[in-house]
Amino acid sequence: MNLIGEPALRNELSQLNLVAAKKAIAATVYATAAEYATTGIKLLKVDSWQRQYEFTLALYESAVEATCLSGDFEQMEQLAETVIQEVQTVLDCIKIYEIKIQAYTSQNKLLEAIAIARYALDQLGISLPAEPSQSDIQQAFQNTATRCWKNK
């Protein structure tokens, strides 16, 4: 990485790594996708979150997804935490929460998956009771039925 000093060239190579990572994910070559995405991240400037927010977010999302799918959950957690610290809006973090939920579910860490899902919903202004009562459940069914009839 240090051999490429030209910022424009580093940026272009980083973009190519994102494209390659997405293609590798689509082809289910997850370890290779993770390598491309993390290489792209290493090529970013220190201030990439400020100067190239959308691109940096896309690159990190691909890296989180690829490391999750390749089973490198430790790396996935590190990358996800970086995104969570850097995002500008809650909506920018939804894909990361989704990937973390999938990762915990695949590791049979169901309580952790539920905790992340509840946290994400809470961030979006949707609160769920920790232990719903029968009336909570009944109310949720009624709300769902009402929405279904309205959408017909």
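All residue numbers in this chain count up from 1 along the given sequence.
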**Student:** If you measure from CD on Glu77 to OG1 on Thr67, what distance do you get to the nearest 0.5 Å?
**Tutor:**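 Output value for this atom pair is 9.0 Å.
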**Student:** Are Asn11 and Gln52 close enough that some pair of their side-chain heavy atoms sits under 4.5 Å apart?
**Tutor:**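 Side-chain contact under 4.5 Å: yes.
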**Student:** Mind checking whether Tyr104 and Leu128 sit in one hydrophobic cluster, side chains of I, L, V, M, F, W, Y counted as touching below 4.5 Å?
**Tutor:**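 No.
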**Student:** Count the heavy atoms belonging to other residues, nucleotides or ligands that lie under 6.0 Å from CD of Gln138, then report whether that count exceeds 12.
**Tutor:**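 For Gln138, atom CD is not crowded (no more than 12 foreign heavy atoms under 6.0 Å).
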**Student:** Can you name the nearest heavy-atom pair linking Ala24 to Thr32, along with the distance?
**Tutor:**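 Shortest heavy-atom contact: CB-C, 4.4 Å.
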**Student:** Quick one: closest heavy-atom pair of Ala113 and Thr105, and the distance?
**Tutor:**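 Distance-wise, the nearest heavy atoms are CB-OG1, 3.6 Å.
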**Student:** Between Val19 and Phe55, is there a shared hydrophobic cluster once you connect ILVMFWY residues whose side-chain heavy atoms come closer than 4.5 Å?
**Tutor:**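 Cluster IDs for Val19 and Phe55 differ.
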**Student:** Are Leu124 and Leu91 close enough that some pair of their side-chain heavy atoms sits under 4.5 Å apart?
**Tutor:**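 They are in contact (side-chain heavy atoms under 4.5 Å apart), so the answer is yes.
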**Student:** To the nearest 0.5 Å, how far apart are CD in Gln15 and CG in Leu44?
**Tutor:**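 If we round to the nearest 0.5 Å, Gln15:CD and Leu44:CG are 9.5 Å apart.
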**Student:** Taking only residues two or more places apart in sequence or in another chain, which ones pass side chain to side chain donor-acceptor pair (under 3.5 Å) with Ser133?
**Tutor:**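 Here the qualifying residues are Ser135, Asp136.
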**Student:** Quick one: does any side-chain atom of Thr56 pair with a main-chain N or O of Ser48 as donor and acceptor, under 3.5 Å?
**Tutor:**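 Checked: pair present.
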**Student:** Do any N or O atoms from the side chain of Asp122 and from the backbone of Arg118 form a donor-acceptor pair under 3.5 angstrom?
**Tutor:**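 A pair under 3.5 Å: no.
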**Student:** Output the distance between atom CD (Glu98) and atom CD1 (Ile101), rounded to the nearest 0.5 Å.
**Tutor:**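 So the gap between those two atoms works out to 7.5 Å.
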**Student:** Are the charged groups of Glu65 and Lys22 less than 4.0 angstrom apart, N to O?
**Tutor:**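 Not counted as a salt bridge, because no side-chain N and carboxylate O are separated by less than 4.0 Å.
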**Student:** Verify the neighbour count for atom CG of Leu111: are there more than 12 heavy atoms of other residues, nucleotides or ligands below 6.0 Å?
**Tutor:**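 Open.
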**Student:** Side chains of Ile41 and Thr82, heavy atoms from C-beta outward: is any pair under 4.5 Å?
**Tutor:**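 The answer is no, as the side chains (C-beta and beyond) never meet within the 4.5 Å cut-off.
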**Student:** For the OG1 atom of Thr144 and the CZ atom of Phe141, what is their distance to the nearest 0.5 Å?
**Tutor:**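 One gets 7.5 Å once the value is rounded to the nearest 0.5 Å.
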**Student:** Tyr30, Phe73: one ILVMFWY side-chain cluster at the under-4.5 Å cut-off?
**Tutor:**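 No, Tyr30 and Phe73 fall in different hydrophobic clusters.
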**Student:** Quick check: do Val83 and Leu57 have side-chain heavy atoms less than 4.5 Å from each other?
**Tutor:**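 Val83 reaches Leu57 side chain to side chain.
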**Student:** Going hydrophobic residue to hydrophobic residue with side-chain gaps under 4.5 angstrom, can you get from Val90 over to Val87?
**Tutor:**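 Hydrophobic grouping puts Val90 with Val87.
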**Student:** With a sphere of 6.0 Å drawn around CD of Glu12, does it hold more than 12 non-hydrogen atoms of other residues, nucleotides or ligands?
**Tutor:**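 Counting neighbours around CD of Glu12, 12 or fewer heavy atoms of other residues, nucleotides or ligands fall under 6.0 Å, so no.
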**Student:** Check the surroundings of atom CD in Glu74: do more than 12 heavy atoms from other residues, nucleotides or ligands lie under 6.0 Å from it?
**Tutor:**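 No, not enclosed.
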**Student:** Return the SG to CD distance between Cys68 and Gln102, rounded to the nearest 0.5 Å.
**Tutor:**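 It is 6.5 Å, given to the nearest 0.5 Å.
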**Student:** Can you find a pair of side-chain heavy atoms, one from Met76 and one from Lys100, that are under 4.5 Å apart?
**Tutor:**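 The answer is yes; the side chains approach within 4.5 Å.
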**Student:** Distance-only, no hydrogens or angles: does the Thr146 side chain make a donor-acceptor pair with backbone N or O of Gln142 under 3.5 Å?
**Tutor:**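 Here the side-chain-to-backbone pair exists.
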**Student:** Quick one: do Leu121 and Ile94 end up in the same hydrophobic cluster if we chain Ile, Leu, Val, Met, Phe, Trp and Tyr together by side-chain heavy atoms under 4.5 Å apart?
**Tutor:**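 Shared cluster, no.
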**Student:** In terms of ring plane angle, is the pair Tyr60 and Trp49 parallel, tilted or perpendicular, where the classes change at 30° and 60°?
**Tutor:**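 If you compare the ring of Tyr60 with that of Trp49, the planes turn out tilted.
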**Student:** Could you give the distance from CG (Leu13) to NZ (Lys42), rounded to the nearest 0.5 Å?
**Tutor:**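 Leu13 CG to Lys42 NZ: 12.5 Å, rounded to 0.5 Å.
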**Student:** Looking only at heavy atoms, what is the nearest atom pair of Gly40 and Ser14, with distance?
**Tutor:**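 Scanning both residues, the minimum pair turns out to be O-OG, 2.8 Å.
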**Student:** Could you tell me whether the side chain of Gln50 reaches within less than 4.5 Å of the side chain of Glu86, counting heavy atoms only?
**Tutor:**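 Answer yes - side chains close enough.
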**Student:** Quick one: does Tyr53's side chain have a donor or acceptor within less than 3.5 Å of a partner on Gln88's backbone?
**Tutor:**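 The answer is yes, because a donor-acceptor pair under 3.5 Å joins these two groups.
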**Student:** With side chains defined as the heavy atoms from C-beta onward, is the minimum distance between Thr38 and Gln75 less than 4.5 Å?
**Tutor:**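 Yes, close enough: below the 4.5 Å cut-off.
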